[in-house]
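Reading through the structure tokens given below for one structure.
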Amino acid sequence: MTVLRPSLFMSRTRDLLPLLLNLPAVILLLAFIAYPIGISFWMSLHRYNLRRPDQVYFHGLENYATILASSEFWNALWISLYFTFMAVLLVIVIAMAIALLLHESFRGRGVVRALLLIPWAIPGVVNGLMWVGLLGDYGAFNAMLEDTVAAVNYLFGINIVYTGMASPFVALNAAIGAHVWRSVPFACIIFLAAIQAIPTEQYRAARVDGATSWNRFRFITLPWLYHAVLVVAIFETMNGFRAFDLIYALTGGGPGDATHVIAWQTYKEAFARLDFGGANAYSYLITLITMTLAIIYIRLLYRRGLVQG
Amino acid sequence: MARVRLKNLTKHFGDVVAVDNVTLDIADREFLTLLGPSGCGKTTLLNMIAGLESPTAGEVWFDDRNVTAVPPERRDIAMVFQTYALYPHMSVFDNVAFGLKMRGVPAEDRKRLVLAASKTMEIEHLLDRKPRALSGGQRQRVALARAIVRDPGVFLLDEPLSNLDAQLRVVMRTELKRLHGELEMTFVYVTHDQAESLILADRIVVMQDGQIQQIGTPESIYDCPANTFVAGFVGSPPINLLRGTLEQSAEGAWRVVGEGYACGVPVSMIERMKPPEGREVFLGVRAEDIGIGEATSSIEPDAAAGNFDPTGVRAKVVVREPMGSDLYLTVDVGGTNVKVRTRPENLLDRGDNVGLYFDPGKIHLFNGESGESLISES
């Protein structure tokens with residue numbers, strides 16, 4: 001690793017070359033990452049509503065106070081938490097199950113592994129639009145759900161009203177489903193790589209020790225995957241909290257505020273209400289939340305001593 | 001305690017025949033080593049005894065029980081792997097206790113048994129540690145403790161010493177021999193190290209290309225190798241093999257003559273010899289059975305060899321390799337390199353011409369075509 005020392009600038013030109021070669025990347029990072037981060041924080045401390053361009057002024061943490069006092073924020077936060085929790089849980093369980101299946105050798109495994117990657121390759125908006133097609137009034141999934149509800153009603157003599165995506169419950173969980181569908185491949189690849197790194201002798205030793213297949217999973221596979229599970233959890237938590245493109249295309253935040261995840265709320269602040277100060281404060285709150293979660297996860301990783309220094 | 005019998009055991013991996021029709025009877029409490037170069041099928045054979053691989057054909061019997069279709073957990077075996085295969089996320093205690101736990105042994109008994117096993121293996125002070133905090137030798141001890149804690153009938157070891165450094169290997173070798181003396185278990189031990197095999201085994205099974213080449217005690221394998229493969233594989237340095245022709249003199253005495261050498265064959269050996277198919281033979285002679293010129297006058301011409309001159313080996317020193325207690329000379333005999341063991345005081349060096357004796361009583365004769373031994377075991 002290169003360490004920049006003050007003396008570097010005074011020493012031989014040979015030492016300047018690495019700096020020069022890195023300069024374009026440094027400039028780009030400063031312009032497109034550091035500057036926006038800085039300016040958005042600065043804006044979040046201002047009253048900055050494009051509807052009143054004449055009244056842009058610094059007012060400290062006012063935006064944050066307003067947000068924390070609003071029921072909209074808490075609603076969005078709870079929806080995001082539910083969305084993220086369900087997404088992380090489902091992604092881990094489904095991806096691990098698929099990874100375990102794909103680890104077994106069977107005819108056509110290579111093809112299945114390649115097919116698995118397709119959802120991952122689909123852009124979020126396209127994924128949303130695809131699920132609109134599946135879950136919309138004329139969608140195949142919608143029809144299946146409708147028929148299932150009708151059959152349940154008939155069998156048990158009850159009367160559940162199915163309203164499709166107009167139902168807050170269906171809309172939110174459908175959004176989670178679509179998100180999970182797209183997120184599983186990546187997690188699956190991480191799990192598959194981790195499973196393949198487990199030495200086969202571990203399983204042989206466990207079999208000789210008398211472990212059943214469940215116990216081999218419980219005592220060998222799972223502990224070996226602990227690291228991978230945490231990595232996937234971190235990644236999917238971030239992803240869940242930032243989910244926006246899918247919501248935008250699939251539900252547009254509705255019905256009502258049922259799918260107002262926190263990223264959607266931020267978008268609304270900025271582009272519907274044109275309140276850039278508030279929207280930037282929202283962004284910073286999302287950052288704070290995800291960062292806190294990430295720190296917890298990373299601490300877990302280190303506490304188990306599974307990260308080799 | 002268990003007697004292990006393998007009946008016509010065969011294993012195919014696709015088109016590859018890993019183990020080819022192996023029949024073997026391993027006595028209760030025997031220390032048996034499966035010896036051979038890598039890829040000879042010895043580990044596959046061990047895995048079939050363990051139940052980790054199912055045979056393509058043939059049967060495995062433990063005592064009077066056909067266990068061919070019995071999974072490893074119900075075979076009353078323990079196994080030590082080349083990489084030890086310790087569970088990295090468990091403490092040493094949990095590693096050793098795992099097999100007991102899986103078999104539903106109550107916690108109190110588990111503790112007692114684990115302590116006993118770790119006492120045997122001298123790892124009591126390591127029980128709280130994780131495997132990664134252990135040295136190679138300590139891991140090896142933990143792996144052995146994990147295997148003996150369940151008091152299995154058959155103890156299977158797959159090259160357990162090959163990941164250790166040379167010094168530690170010697171220590172653990174002694175340890176294993178002590179363990180076999182203390183425990184009433186049948187040991188089946190896979191190795192590619194012929195020295196390990198000679199030191200540890202009651203009986204050695206030499207394998208090549210999935211087939212058994214020879215079964216016997218270390219002494220019989222070393223002294224009466226069944227073919228040129230066994231002769232060359234067992235013993236360090238490998239046996240010297242020289243092409244030659246078997247000849248009989250007018251008086252009826254026999255000798256082998258080859259490029260640059262002639263060596264008498266004693267009558268006692270001729271009497272035990274299968275009728276040679278042709279006159280072409282391989283003469284095998286070990287480095288320690290070769291005498292050098294006047295310095296080793298103790299090797300006298302065998303009277304039974306008749307009137308041939310047994311000193312008729314002309315050689316030239318190519319390499320001199322001092323090994324402390326011994327000196328090895330590589331000499332050229334008629335274009336073939338021959339290793340000779342001699343005393344370190346010997347001053348012969350590169351380029352010196354020297355006359356050699358092949359000890360007629362210690363030579364081996366093999367069929368020049370098939371490499372099979374021409375001498376039947378007495």
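These numbers come from a predicted model, not from an experiment.
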In Å and rounded to the nearest 0.5 Å, what is the [atom1] to [atom2] distance from [X] to [Y]?
X: Phe98(B); Y: Asn215(A); atom1: CZ; atom2: CG; result: 6.0 Å
X: Arg204(A); Y: Leu52(B); atom1: CZ; atom2: CG; result: 5.0 Å
X: His227(A); Y: His89(B); atom1: NE2; atom2: NE2; result: 15.5 Å

Exercise. Check whether any side-chain heavy atom of Met90(B) lies under 4.5 Å from a side-chain heavy atom of Pro223(A), and answer yes or no.
Key: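 No, side chains not in contact.
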Practice problem: Taking all non-hydrogen atoms of both residues into account, name the closest pair between Arg207(A) and Gly51(B) and its distance. | Solution: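 Arg207(A) and Gly51(B) have their closest heavy atoms at NH2-O, 3.9 Å.
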Quiz item: If every non-hydrogen atom of Ala85(B) is compared with every non-hydrogen atom of Glu201(A), which pair is closest and at what distance?
Solution: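 So the minimum-distance heavy-atom pair works out to CB-O, 3.6 Å.
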Quiz item: Does any heavy atom of chain A fall under 4.5 Å from the side chain of Leu156(B), the backbone, both, or neither of them?
Solution: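 Answer is neither: Leu156(B) stays 4.5 Å or more from chain A.
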If you count the non-hydrogen atoms of other residues, nucleotides and ligands that lie under 6.0 Å from [atom1] in [X], is the total more than 12?
X: Phe244(A); atom1: CZ; result: yes
X: Asp64(B); atom1: CG; result: no
X: Phe106(A); atom1: CZ; result: yes
X: Arg218(A); atom1: CZ; result: no
X: Phe13(B); atom1: CZ; result: yes
X: Gln196(A); atom1: CD; result: yes

Quiz item: Only one of Arg150(B), Glu73(B), Met102(B), Arg75(B) forms a side-chain contact (heavy atoms from CB on, under 4.5 Å) with Val208(A), so which one is it?
Solution: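 With Val208(A) as partner, side-chain contact (heavy atoms from CB on, under 4.5 Å) holds for just one option, Arg150(B).
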Quiz item: Would Arg146(B) and Asp209(A) count as a side-chain contact (heavy atoms from CB on, under 4.5 Å) if you check the C-alpha gap in whole Å, the side-chain angles of each, and the deciding distance to 0.1 Å?
Solution: CA-CA 9 Å; Arg146(B) 185 172 71 176; Asp209(A) 270 339; 3.7 Å; yes
Practice problem: Decide if the gap between the ring center of Tyr87(B) and the ring center of Phe219(A) is smaller than 6.0 angstrom. | Solution: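 Ring centroids of Tyr87(B) and Phe219(A) are no less than 6.0 Å from each other.
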